[in-house]
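Contents: one structure, followed by commentary.
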Protein chains: 2
Amino acid sequence: MTGSRNGVLELAVLGSLHENPLHGYELRKRLNTLLGMFRAFSYGSLYPCLKGLLTDGLIVEEEPPDDVVLGRRSKIVYKLTAEGKERLQELLTQAGPSSWEDENFGIHFAFFRHTEAEVRLRILEGRRSRLEERMENVRTALARTRERLDSYTLELQRHGLESVEREVRWLNELINTERAQAADKSQSERDERPGSDE
Amino acid sequence: MTGSRNGVLELAVLGSLHENPLHGYELRKRLNTLLGMFRAFSYGSLYPCLKGLLTDGLIVEEEPPDDVVLGRRSKIVYKLTAEGKERLQELLTQAGPSSWEDENFGIHFAFFRHTEAEVRLRILEGRRSRLEERMENVRTALARTRERLDSYTLELQRHGLESVEREVRWLNELINTERAQAADKSQSERDERPGSDE
DNA sequence: TGCAGATGTATCAGCTCGATACATCGCCCA
DNA sequence: TGGGCGATGTATCGAGCTGATACATCTGCA
């Protein structure tokens, strides 16, 4: 049972709750705003996920403040446990093939603030090669195609390719920025403690 | 039973088979090349769809040429029936909310060659307002957000918004082209037969 | 000959989507 | 005072898809 949840949904929930405690409805709105252009979560996946996280002890229901009249229980506010924070840290260090799929990349990126520089770089590069691989596949499949394509199909291909190329350029910029920051950092570390280099 | 299939998958299959008869494996490759940058179909949806189309009499297994030695049956090549062609025409005239969802728009566009000009225009405009609506939602949700966002989140939002704006501009160009063609056509019709129309 | 990889059909557990149900809250207006 | 209504809120379910897997055949090639 434990640990069999959808990886990226778990990351999204734990990451959001780490910023501050939330109840289901608000959690969904947060995530769907955060990822507005990329994907949307539905209750049918969120509530089962919350239930699983509860039974695994990664989140708990937050106690309502004492001055609230008893007997009312409409909102159910969840917050991370220590185990939940630990699990979140674990998820944030994982950079695997699923991290750079279309549906998952946005989530990982959205929590980059809490991610180590090295992991960020691996995810960005993984995403980039995923896109390049896809372009390569399409291009060769297209080259193998005998028949001439109509103008609408061509335009669709052109637009798709251009979009992906644009995302690759975006990733390139991000990767360069990350590398420059890493270089700056190691430079200043060398300045501080001269004599110990890589 | 009849007519309860996923609309867009049905369109994709019927549309592909209309160009030329295919077997399942090849059909999948065709579609995934055609839509390479946008989506991919899996066998788990394709085969059930083919099965349903068969039982509804919209496609049939094509007879192998007589000179092939009997007893072998590896490939199962499907082709459209008359009913299938009719159904395809019906699907091609439908332009509804599902036509401009992310997953479906590409399919509809890919078969624009077989689609009437008026329907093309409705789908393009529908897609455009869908995107504009999404941008509006994100922008207002963002404006309502109190807390300052970190730079990664902002960059993700910016990139997402830019991508969508770019697609809207692309749609605008396509819509203008369609309108210009429609105007040309009606103009030349007026020139040819003044006083009467088709 | 053998064998690796592409071609080819097919199914299944597990999960997600979209719809739906139902209750409460805050607010306005008569 | 009530009552209507849209937003807030929790929850579930059937339909249908994904990703994995199984298994067979064909093809090139060493």
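Just so you know, these numbers come straight off a predicted model, no measurement behind them. Proteins get letters first, then strands, A, B, ... in listed order; numbering begins at 1 in each.
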Between protein and nucleic acid, restricted to nucleotides 5-8 of chain D and to nitrogen or oxygen atoms under 3.5 Å apart, what atom pairs and distances do you find?
{"residue": "D:dT8", "atom": "OP2", "partner": "A:Y25", "partner atom": "OH", "Å": "3.2"}

Mind listing the N/O atom pairs, protein and nucleotides 10-13 of chain C, below 3.5 Å?
{"residue": "C:dT11", "atom": "OP2", "partner": "B:K51", "partner atom": "NZ", "Å": "2.9"}

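Taking atom CZ of B:R28 as the reference point, atom P of D:dC17 lies 14 Å away to the nearest angstrom. One atom, CG of A:N32, and another, C1' of D:dG9, lie 15 Å apart when rounded to the nearest Å. In this structure, CD of B:E26 is placed 17 Å from P of C:dA6, rounded to the nearest angstrom. One can place CG of B:L50 at 12 Å from P of D:dC17, the figure rounded to the nearest angstrom. Atom CG in A:L46 sits roughly 14 Å away from atom C1' in D:dT12 (whole-Å rounding). The CG-C1' distance, from A:N6 to C:dC17, rounds to 14 Å in whole Å. Summarising the geometry, the separation between CG on A:L31 and P on C:dC17 is reported as 12 Å, rounded to the nearest angstrom. Look at CG on A:N104: it is 15 Å from P on D:dT18, rounded to the nearest Å.
At least one donor-acceptor pair closer than 3.5 Å links the side chain of A:R127 to the backbone N or O of A:W100.
Shortest non-hydrogen contact noted between B:L34 and B:A110 is CD2-CB, 3.8 Å.
Taking only side-chain nitrogens and oxygens, A:S42 comes nearer than 4.0 Å to OP1 or OP2 of C:dC17.
Sequence neighbours left out, the pairs with a member in residues 114-142 of chain A that pass ring pair (Phe, Tyr, Trp, His ring centres under 6.0 Å) are A:H18-A:H114. Applying the salt bridge (Lys or Arg N to Asp or Glu O under 4.0 Å) test to residues at least two apart or on different chains, the pairs with a partner in residues 12-28 of chain B are B:E19-B:R113.
Not counting sequence neighbours, the partners of B:H159 by the ring pair (Phe, Tyr, Trp, His ring centres under 6.0 Å) test are A:W170. Scanning for side-chain hydrogen bond (donor to acceptor under 3.5 Å, both in side chains) contacts around B:E86 gives an empty result, with sequence neighbours left out. With sequence neighbours left out, A:S98 forms a side-chain contact (heavy atoms from CB on, under 4.5 Å) with A:N104. In terms of the side-chain hydrogen bond (donor to acceptor under 3.5 Å, both in side chains) criterion, residue partners of A:Y152 (sequence neighbours excluded) are, by chain and number, B:R120, B:E178. When the side-chain contact (heavy atoms from CB on, under 4.5 Å) test is applied to B:N137, the partners found at least two apart in sequence or on another chain are B:E133.
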Can you give me every donor-acceptor pair (side chain of residues 88-96 of chain A, partner residue at least two apart or in another chain, under 3.5 Å) with its distance?
{"residue": "A:E90", "atom": "OE2", "partner": "A:R87", "partner atom": "NH1", "Å": "3.0"}
{"residue": "A:T93", "atom": "OG1", "partner": "A:E90", "partner atom": "O", "Å": "2.8"}

Between side-chain atoms of residues 38-47 of chain A and protein atoms elsewhere (two or more places apart, or another chain), which donor-acceptor pairs fall under 3.5 Å?
{"residue": "A:R39", "atom": "NH1", "partner": "A:E103", "partner atom": "O", "Å": "3.3"}
{"residue": "A:S45", "atom": "OG", "partner": "A:S42", "partner atom": "O", "Å": "3.0"}

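Backbone-only engagement by A:S45 is indicated by non-hydrogen atom pairs under 4.0 Å involving sugar-phosphate atoms exclusively.
The end-to-end axis angle of the helix from C:dT1-D:dA30 to C:dA30-D:dT1, rounded to 10 degrees and based on five pairs per end, is 20°.
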